[in-house]
Structure formats: C-alpha cells, structure tokens
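Okay, so here's the structure we're looking at.
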2 protein chains.
Amino acid sequence: MDSAERVDLVIARLKDTGEVAVAELAEASGHSEMTIRRDLDRLESQGVLRRVRGGAVSLVPRGQEPPYVLRERQAVEAKRRIAAQVAALVPTGAAVALDSGTTALEVARELAGRPVTVMPLSLQGADVLARSAETTVLVAGGEVRPGELNLHGPLAEASLAAVRFDAAVVGCCGVSAGEGVTAHDLQDVAVKRAMMRSSQRTIAAADSTKIGLVTMGHVCPVGDIDTLVTDDGAPEDAIAEIRAAGVDVVTV
Amino acid sequence: MDSAERVDLVIARLKDTGEVAVAELAEASGHSEMTIRRDLDRLESQGVLRRVRGGAVSLVPRGQEPPYVLRERQAVEAKRRIAAQVAALVPTGAAVALDSGTTALEVARELAGRPVTVMPLSLQGADVLARSAETTVLVAGGEVRPGELNLHGPLAEASLAAVRFDAAVVGCCGVSAGEGVTAHDLQDVAVKRAMMRSSQRTIAAADSTKIGLVTMGHVCPVGDIDTLVTDDGAPEDAIAEIRAAGVDVVTV
DNA sequence: CGTAACGAACATGTCTGGTGTTTGAATGTC
DNA sequence: GACATTCAAACACCAGACATGTTCGTTACG
C-alpha cells in the first residue's frame with residue numbers, strides 16, 4: 001500500500017467515523033506508526049484534518065466541499081478523459097473561458113500548446129497554459145482563494161465582462177435535470193454566471209459522480225448548458241432527463 | 001563546473017562574440033559535447049539562443065532586455081537585500097501593487113505570509129503569495145507574456161484602476177535624474193503608470209546596475225518616485241542627483 | 001508516577017535527474 | 001556523390017532527493 005492509498009484510507013475512515021487512530025491505520029496499512037504520523041501531519045498542513053493525541057479528527061464538515069487536495073485525487077482517470085473530450089470541442093483559434101477546479105485544470109493541460117485563447121479562472125490553470133508560447137493566456141483578475149487558488153470577486157467578473165468568448169468551459173459540483181447546475185460556493189456561482197454571459201456556448205464538464213447531485217449555489221437551469229461532457233458511470237435515467245432538457249450530453 | 005556555471009559561460013561567450021561552438025564549450029567546461037548540446041537545447045527552448053550546426057548564436061539583440069531566465073541570475077544577492085528593505089517599508093495591513101520582474105518577485109517572497117493585501121502583476125508573484133493563507137492576493141487580470149509571465153494590456157490596467165493602494169512597488173530597467181524612470185517595454189510602461197496612478201506612494205526597486213541607465217520606454221520623471229531602494233554599488237553623484245529631485249533614496 | 005504517544009535523528013531503500021558513452025542517422029563540405 | 005562532422009536516440013551510471021523504518025529521549029495524559 002503506497003502513500004496515495006494510505007491517504008485514501010485515511011479519508012475513507014474520516015468520512016465514516018469522523019476520526020482515525022494512528023495505531024489502527026498502521027495496522028490496516030501495514031506501515032509503521034511513524035509513517036502514519038507523517039501522513040497525518042501532511043494532511044493537517046493541507047487543512048484536511050486536525051491532529052489529536054493518538055490520531056486525528058476530520059475538519060471537513062458534511063455537506064461542504066472537500067479541499068482541493070482531496071478532490072484532485074478523485075476520479076482522476078475519468079476527469080482526464082472528460083478533459084480530452086472538452087478540448088476536442090474547442091476549435092483551433094477559439095477563445096474560451098476556463099473555470100477553476102480539478103476537471104478544468106485537466107482541460108487546461110489538454111489545451112496547452114494549441115493555438116487558442118484561454119482565460120483561466122485559476123492560478124494553476126494560468127500556470128499550465130502560460131508555459132506554452134502557442135497559447136494566448138488572458139488571465140482573469142480577482143481575489144485568490146487560498147488553497148483553492150481560484151479567482152473570484154468583482155474583479156474576476158469585470159474581467160469576464162470585458163471579453164467575449166466562443167465557449168465557456170464550466171466545472172460544477174452538481175448537475176440535475178430538476179435543479180440545474182449547482183456549485184458549493186456562492187462566489188463561484190457568480191463567476192460561472194459571468195463566464196456564461198460572455199460566451200456564445202457553454203460546455204459543462206462533470207464526472208458521473210456529480211450527475212444528479214444538488215448543492216447549495218444555483219448557477220442556471222440545466223437547459224442553459226449547450227453541451228455536457230461526462231463519463232459513462234452516470235445513471236441512464238438522469239442522463240435521459242438532462243437530454244430531454246435540450247442538452248447535448250457527451251459521455252466518454 | 002556545474003550546470004549553472006556552464007550556462008554562465010555560454011552567456012559570457014555569447015555576449016562577447018555573439019556565437020559559441022559546442023566543441024569549444026566542451027573543452028572549456030571539461031564536460032562532454034552531449035552535455036553541452038543539452039545545455040544549448042534548454043537555452044534555445046528558453047528563447048536565449050538559436051542552435052546552429054556546431055554551436056549556437058545569440059538571440060538577444062543589443063539594447064533589448066535579456067530574457068527572464070537570464071535576468072534572474074543577475075545580482076541575486078543585491079535583489080534579495082533590496083527586496084527585504086522594500087518589504088520593510090510596507091506596513092502590516094497595507095495594500096500594495098507589485099510589479100513584475102525578478103526584483104519584485106523577491107519582494108513577493110518577503111511579503112508572503114504577512115497580513116497584507118497584494119496585487120501582483122505577474123504569475124510567479126501570484127504563485128508565491130497565494131501559498132500563504134495570511135496574505136490576501138488580488139491578482140490583476142491581463143494578457144500573460146510567455147516566458148516573462150507578467151501581466152499587461154487593458155485588462156491589467158483596468159484591474160489596477162479598480163483598486164486603490166497604499167503603495168506601488170515598481171521595478172524598472174533604468175533610473176536617472178535626467179530621464180527619470182524607464183522600462184524596455186511600452187506595455188510595461190502603461191502598467192507601471194497605472195500602478196502609480198492607483199497608489200498613494202511609489203516605491204521603486206532597482207539594483208545599482210540600473211542607476212543612470214536610460215531605456216526606451218519613459219515611465220515618469222524621477223521626482224514622481226517617493227522612495228528608491230537600491231544597493232550601495234551605485235555612483236555617488238547619480239544618487240545625489242536623484243536625491244536632489246526630492247526622492248528618498250535608501251541604499252542597502 | 002507510569003504508560004502511551006510523540007518527534008527528532010539517523011539508516012536504508014527507491015527513484016529521479018543529470019551526465020557520459022555508444023551508435024546509427026542526418027547534414028554540410030568538398 | 002563521398003567524406004567528415006554533427007546530431008540525437010538509447011543505454012548505463014552516479015548523486016542527490018524522497019519516502020520509509022528504527023531508535024531513543026521527551027512529552028502528555030490518566
């Protein structure tokens with residue numbers, strides 16, 4: 001069991017019971033207690049949990065979005081496939097607004113090096129794209145959320161309003177036919193709306209675990225999306241409902 | 001002779017004669033020709049030179065600004081001392097606009113972790129500052145210059161115009177009493193002016209090699225600077241002239 | 001005061017990045 | 001067109017970085 005698997009184990013236990021013990025994890029993973037402690041220390045510095053004597057307790061309240069360092073470990077393969085499909089939908093020379101989040105970051109990796117114009121809404125996205133001389137990067141302004149490194153606030157919205165895009169690539173926390181596109185954070189909602197306002201088309205990217213989910217911040221009715229790219233793990237009926245709303249759903 | 005020294009050697013030869021030979025460099029550095037080729041390939045991808053059969057020729061025209069990868073190797077110690085002094089001039093809780101460039105990046109490193117609000121004009125600066133949760137990072141929008149990773153254009157100027165700062169920290173390519181503050185790039189000039197317009201004070205940071213230099217883009221008369229931080233290598237009379245214009249010159 | 005947990009320090013194994021050598025292909029020169 | 005030089009891909013090698021385990025003195029809790 002390597003480092004990544006151990007973290008997964010810790011996360012699973014935390015989700016289950018809200019706390020973990022060093023000795024128990026060492027037993028379950030087959031590694032020494034010292035290694036477990038180092039894992040937990042790292043996760044503590046990332047804001048995932050808080051160390052207590054003998055173990056750790058969860059810091060991620062139920063219903064809230066897990067921190068970036070956890071989300072980037074989830075559905076990695078699906079996100080990569082989705083990102084490749086999204087990038088294929090962006091023609092050469094196009095201008096796109098690119099959301100923050102782990103899926104959008106994969107899209108950035110796919111777009112980097114292609115002759116397109118991209119406005120990323122996160123610093124990681126900007127970093128990835130700016131390495132390539134072929135790609136024009138027009139970074140949005142805004143306040144940076146620590147840890148998440150996404151851009152939000154009035155400056156971000158003003159940046160988006162100042163440009164017109166061929167497409168907006170939007171990540172999200174939930175997509176359902178009834179409640180539409182939803183996100184965890186209200187400031188993100190405002191940014192996503194601004195992206196869509198400035199774009200001719202909206203491409204939503206969401207792995208299948210997001211299909212059918214509803215979170216707090218309402219972005220738009222599902223019909224406002226032009227294309228939804230997801231993986232093939234989503235329930236058939238949920239996809240059918242979304243299609244019925246006029247969305248072009250692409251599964252990869 | 002390690003990798004960094006070899007690059008220095010290449011740069012020195014290029015500055016001297018405008019071209020270098022693989023065999024000659026291998027001889028001089030005591031490494032194999034293959035290693036020299038790899039060095040040159042790397043420098044070519046960074047835009048410093050162009051490979052030709054048997055060697056390479058310089059791509060940096062005289063009078064133009066050398067690429068970022070070269071500037072960051074120059075006067076490192078002086079830049080660090082200057083940056084520490086600049087950071088000391090920024091009080092806790094202040095809001096500052098922070099220029100792009102190698103000196104400003106050092107200032108970002110000094111400011112990171114302190115409870116201040118910073119608007120960096122470069123992606124590297126944003127990266128450094130965003131790692132710390134204490135520091136509020138309000139990144140400027142704008143187009144990203146490849147290689148340099150600084151932000152410019154109307155979006156950057158609009159971002160600056162939308163905020164008011166306690167201080168603008170401006171890097172520059174030249175400072176002289178007669179010609180004032182100058183930069184190599186006209187788009188950078190516009191950004192620097194926008195920074196100064198939105199700020200109560202202007203702090204210029206320039207190592208002593210910049211004192212007395214004049215480059216193409218005129219930013220402002222020297223009297224528009226409130227404080228100039230430089231190292232103690234600058235000629236006495238040039239410093240005296242700048243002081244006579246009403247600038248508070250700090251040498252470290 | 002005793003036990004369990006902690007963390008600093010050191011040792012070990014693994015992996016990656018930089019370097020050298022070889023070799024066949026490509027390119028320039030005559 | 002023939003030859004010499006240069007190039008780059010492939011492989012081997014080494015050093016430094018990183019992860020892990022062990023030991024041991026210190027600290028916290030009952």
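Proteins get letters first, then strands, A, B, ... in listed order; numbering begins at 1 in each.
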Original post:
Applying salt bridge (charged side-chain N to carboxylate O under 4.0 Å, His left out), which residue pairs with at least one partner in residues 108-127 of chain A are found, sequence neighbours left out?
Top reply: A/Glu106-A/Arg109
Original post:
Quick one: A/Glu33 CD to D/dA19 C1', roughly how many Å, whole number?
Top reply: 18 Å
Original post:
Could you give the distance from SG (A/Cys173) to CZ (A/Arg71), rounded to the nearest 0.5 Å?
Top reply: 7.0 Å
Original post:
Can you check whether A/Thr35 has a side-chain N or O nearer than 4.0 Å to OP1 or OP2 of D/dG21?
Top reply: yes
Subject >> For atom CG of B/Asp2 and atom P of C/dG17, their distance in whole Å >> reply: 18 Å
Original post:
Whole-Å distance between D/dA19 C1' and A/Leu40 CG?
Top reply: 16 Å
Original post:
What is the distance, rounded to the nearest whole Å, between atom NE2 of B/His31 and atom C1' of C/dG18?
Top reply: 10 Å
Subject >> A/Val22 side chain, from C-beta outward: closest of C/dC6, D/dC7, C/dT19 >> reply: C/dC6
Less than 3.5 Å apart, which donor and acceptor atoms pair up between the side chains of residues 88-102 of chain B and the rest of the protein, not counting sequence neighbours?
unit_1: B/Asp99; atom_1: OD2; unit_2: B/Gly171; atom_2: N; d: 3.0
unit_1: B/Asp99; atom_1: OD2; unit_2: B/Lys192; atom_2: NZ; d: 2.5
unit_1: B/Thr102; atom_1: OG1; unit_2: B/Lys79; atom_2: NZ; d: 3.0

Original post:
Between C/dA5 atom P and A/Glu24 atom CD, what is the distance in whole Å?
Top reply: 13 Å
**OP:** Report the nucleotide, chosen from C/dT19, D/dT20, D/dA8, that has the shortest atom-to-atom distance to any side-chain atom of B/Met34.
**Re:** D/dA8
Original post:
Is there a donor and acceptor pair closer than 3.5 Å between the side chain of A/Arg38 and the base of D/dG21?
Top reply: yes
Subject >> Interatomic distance, A/Glu44 CD vs C/dC6 C1' [rounded to whole Å] >> reply: 13 Å
Subject >> hbond_proxy B/Arg53 side chain to D/dT5 base (donor-acceptor, 3.5 Å cutoff) >> reply: yes
Original post:
Is A/Arg42 touching bases, backbone alone, or none of the nucleic acid, heavy atoms closer than 4.0 Å?
Top reply: nothing
Original post:
Rounded to the nearest Å, what distance is computed from the CG atom of residue A/Asp41 to the P atom of nucleotide D/dA19?
Top reply: 13 Å
Original post:
Atom CZ of A/Arg50 and atom P of C/dC6: how far apart are they, to the nearest Å?
Top reply: 13 Å
Original post:
Between A/Arg51 and C/dC6, is there a side-chain N or O to OP1/OP2 distance below 4.0 Å?
Top reply: yes
Subject >> B/Ser208/B/Asp231 under side-chain hydrogen bond (donor to acceptor under 3.5 Å, both in side chains): CA gap, chis, key distance, verdict >> reply: CA-CA 6 Å; B/Ser208 58; B/Asp231 60 283; 2.8 Å; yes
Subject >> Contact check, side chains of B/Val48 and B/Tyr68, non-hydrogen atoms, under 4.5 Å >> reply: no
